[in-house]
Structure formats: structure tokens, C-alpha cells
Protein chains: 2
Amino acid sequence: MLILNAARDVFIEKGLDGARMQEIANRANINKALLHYYFTSKENLFDEIFSEAFSQFSPQLKSELLNLTSAQEFIRLFIKLYIGMLLKRPYLPIFVLNELQRNPVRIESLLRQSGVEPEMIVEMIRLEMDQGTMIQMDPREVIINIMSLCIFPFASRPMMQRVFWQNNTEAFDAFLAKRVDSVYGFVSRALFVEKK
Amino acid sequence: MLILNAARDVFIEKGLDGARMQEIANRANINKALLHYYFTSKENLFDEIFSEAFSQFSPQLKSELLNLTSAQEFIRLFIKLYIGMLLKRPYLPIFVLNELQRNPVRIESLLRQSGVEPEMIVEMIRLEMDQGTMIQMDPREVIINIMSLCIFPFASRPMMQRVFWQNNTEAFDAFLAKRVDSVYGFVSRALFVEKK
DNA sequence: GTCTATAAAAGGATAGAC
DNA sequence: GTCTATCCTTTTATAGAC
């Protein structure tokens, strides 16, 4: 829908507080009154946009991932899929993380409806550790470390691209794309006892 | 200064757009007019707060760090100092990263005055790679991976604490504190060919 | 320096014609 | 459904007394 696209663009660019209903209306080529006719309030419109953004940001356990048996293969494919998603939606991390920090109450309902279920992955990692093929550590830390390596480069792009790539956008895009492979290499050296 | 403390609290909590001059004045126990008397405009006050926040967020190369010769010892101490700093200022990452993304123009002047000089660290890492004690990879990626592991858990706290620690604040604090050591372990397994 | 009062503008939201 | 016009509150910023 055209209005939702305009709203998404503006909210992601400016945040909830910085966004203006007028600007959303302008970009959608309608006027403010019609915007309120459809969505009643700014908060309401934002909630629609944010819950969509949050569900995209939350790792999706697609069937391709669930069919894998070893944590090693799971991690490899997860990194590939998740960074691949972020390459298409590079502004998601800051938007979602920022709004969650400003208003943590939102999380409750969002988590309930998006059905994030970390127990299965934690169990898969624990199994691999028991088999001795993976370093012993808190499985939750394994997950957070992997997500850190996937997400942070997108969230810190304005700073990192400027400091390390002389603000060259193409070069930084290439760096991000290569991470689909290099993050797995980094993680597997840190985690797996035997290399295949 | 009392006013600056109040301003810092409100800006970090609400962001530039969400902050209200009235609230800053209230928390400082003065009134709005006096706030404008001292700082002229909200933008101006924000700039003072943000440049201070940015310089704290930017890794400081203190003498303790510069005296170290091996990248291994440098990385160990860097992680300890940087996570230690974040434990005292856990809201810095989201605040700085978010405002940088909303207004990337700010970076230029801030970087110039804060004198961030990554070349030396890049060279130190390169040297270690040439000696064969460190895996061959882009030194900039080494730095970004380490910073990812240090910073992201703070930025994603509202989500991660809720999902993996049943929103138990003390438990998550303990997890963060332990990372001073565990991040180094993770990184060194991923980077160093020989373990000491 | 510090206050009260107020200007001036912005922005969310609604009324009502078509 | 869509528009113009308008209301009303919020918010930044300033004027001017003390």
C-alpha cells in the first residue's frame, strides 16, 4: 500500500518523534486529513509500521533452517539468511533497537505475537557442546555473539564507513556483502573444536 | 554542571526529537527561560551533550593501551576498558548510533575534533598477521568484529534481556559483566593461531 | 542571573462540504 | 473517500520586570 510505504520511509528516517504526519501525507500524495481518516492517530500508524519492522528484524526460523540437524550448518545458513535480509533493509537495526529502548513496553505484545522461540536453538547448541564438537559456553552468548557480528556493522555504518572507508559507500557495501562468508569463518574458529 | 546533567539525562532517554526543554528545566530546577539564556537553543544544547557523548563512545587510546606492543595484549586490555566504560554508561550506544544515523552530517566535525586515529591499530594488527600469530583478514574487520561484540549487547538489551533472561535485570547485568573476559576468549580463538 | 508572561509557530487531530 | 479549513494543544523562543 502506498500510504504504508510512505509512512515506513518517514518513520525509519526520522523515528517516531521526528516523523511528521504532514511529511508522510506529502510523500503519499494525499493530505493529512485522509491520513487520519485511515489510521486515526500517529501512534496507531506507527504501531502498524513498527510491528512489521520488528517481525522482519526478529530472526525467522524458516523451514530451511529447521531441517538442519547440526548447529554448524544451522549457524552457517542463519548468518547467510540474516545478513542477506539486512542487506535489503539496512536501516532496520537502528530503527528497531532505538524505538525498543525508548519504549520497552512495546516488546511484550510484539514478542507474544511474533512467536520468537529461542529454546529450540539453545537446545541444538547445547547438544553440539555435549558431543564435544563445540566449545563449552552459555548458548545464549553464542546466539548474542552471532547476532552482534551480523547486526552491528549495519547499525554503526555512518561512523565506520567514514572512519575506515573514507566514506566510500560502494566499498562499504562490498564489505557488508562479504560478511555473509567472513562472519561464519570468524564464528566457527571461535566455536568449533574440529574443523571440517 | 547541574543543567548539563539534566540535559544529558533527558536527551539520552528521549533522543533529540523526543526531548523537551521544559523537562530539562524541571529536572535542573530552573525554568525554560534560563535554559535559553544559557544555551540559546535546543539544537545548541544538544550539540554540547552529543559531542561529549560521542567522544566517550569513541574508543580512547589511553597511554596504557599505547604502551602495549602485541596486538594480543592490546585487544585484551581494549575489551576490558571499553566494556568497563559501557557498564557505566549503558545507554551511550543507542543514543550515539541513533543520532548519527538521523543526522550523519554531525560526524565530520566530531571526528575532526576527537582525533580518532585508526591507522596505528590497523598497523599493529597487520604486523601481528605478518608474524603468523594471527589469522589473515582485513584488519578493519577485526576491529569492527571486536566492537560489535562489545557494543551490541548493550544496544539490544531491551530485546535480549526479555527473550533470554526472562527480563531479569540482575541476571543480564551479570552476563554483561562476565563479557569483559568471555569476549576476549571468543575473539582470541577466532584470531590467534597459537594460544599462550 | 532569574523569573513571569507571552509571542510565534508547529503539529496532531477533527468538522464538514463535496 | 477525499478535500479545505480550522481548532487546540504543545513547544520553542523571546520580552521585559526584578
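The chains referred to below are lettered A, B, ... by the order of the sequence lines, with proteins before strands, and numbering in each begins at 1. Just so it is clear, the values below take in all heavy atoms, side chains as well, and ignore hydrogens, waters and symmetry mates.
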In whole angstroms, how far is the [atom2] atom of [N] from the [atom1] atom of [X]?
X: K42(A); N: dT9(D); atom1: NZ; atom2: C1'; result: 14 Å
X: L35(A); N: dT4(D); atom1: CG; atom2: P; result: 14 Å
X: M1(A); N: dG1(D); atom1: CE; atom2: C1'; result: 11 Å
X: D17(B); N: dT12(D); atom1: CG; atom2: P; result: 10 Å
X: N44(A); N: dT14(C); atom1: CG; atom2: P; result: 11 Å

- Query: Hey, does the side chain of H36(A) come within less than 4.0 Å of dT14(C)'s phosphate (OP1/OP2), counting only N and O?
  - Reply: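 Result: no.
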
- Message: If you compare every side-chain N and O of N31(B) against the phosphate oxygens of dT2(C) (OP1, OP2), does one of them come in below 4.0 Å?
- Response: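 For N31(B), the contact criterion (side-chain N or O under 4.0 Å from OP1 or OP2 of dT2(C)) is not met.
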
- Which nucleotide in dT12(D), dG1(D), dG1(C) has an atom nearest any side-chain atom of L34(A):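 So the nucleotide nearest the side chain must be dG1(D).
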
- Task: May I ask you to check whether Y91(B) and F95(B) place their ring centers less than 6.0 Å from one another?
- Result: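 Centroid separation for Y91(B) and F95(B): 6.0 Å or greater.
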
- Query: Of the residues in residues 20-30 of chain B, which ones touch DNA chain D at a heavy-atom distance under 4.0 Å?
  - Reply: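 Listed by number, they are R20(B), M21(B).
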
- Got a second to check how far M129(A)'s CE is from L191(A)'s CG, nearest 0.5 Å?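 Here the interatomic distance stands at 7.0 Å.
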
- Query: If you look at every strand shown and take non-hydrogen atoms under 4.0 Å, does Y37(B) touch a base, only sugar-phosphate, or nothing?
  - Reply: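 If one applies the 4.0 Å heavy-atom cut-off, Y37(B) turns out to touch a base.
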
- Indicate yes or no for a side-chain donor-acceptor contact from N44(B) to the backbone of F39(B) under 3.5 Å, with no hydrogens or angles considered.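 Looks like yes, one N/O pair under 3.5 Å.
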
- Query: Counting N and O atoms only, with roles assigned by atom type, does the side chain of Q161(A) sit under 3.5 Å from a partner on the main chain of M159(A), one being a donor and the other an acceptor?
  - Reply: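 Side chain of Q161(A) to backbone of M159(A): no pair is present.
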
- Query: Checking only heavy atoms, does the side chain of K32(A) share a donor-acceptor pair with the base of dG12(C) at less than 3.5 Å?
  - Reply: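 Under the 3.5 Å cut-off, the side chain and the base do form a donor-acceptor pair.
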
- Task: Determine, for R126(A) against E123(A), whether the closest basic-nitrogen to carboxylate-oxygen distance falls under 4.0 angstrom.
- Result: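 A salt bridge links R126(A) with E123(A).
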
- Below 4.0 angstrom, N of the basic side chain to O of the carboxylate: do K178(A) and D138(B) qualify?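 Not counted as a salt bridge, because no side-chain N and carboxylate O are separated by less than 4.0 Å.
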
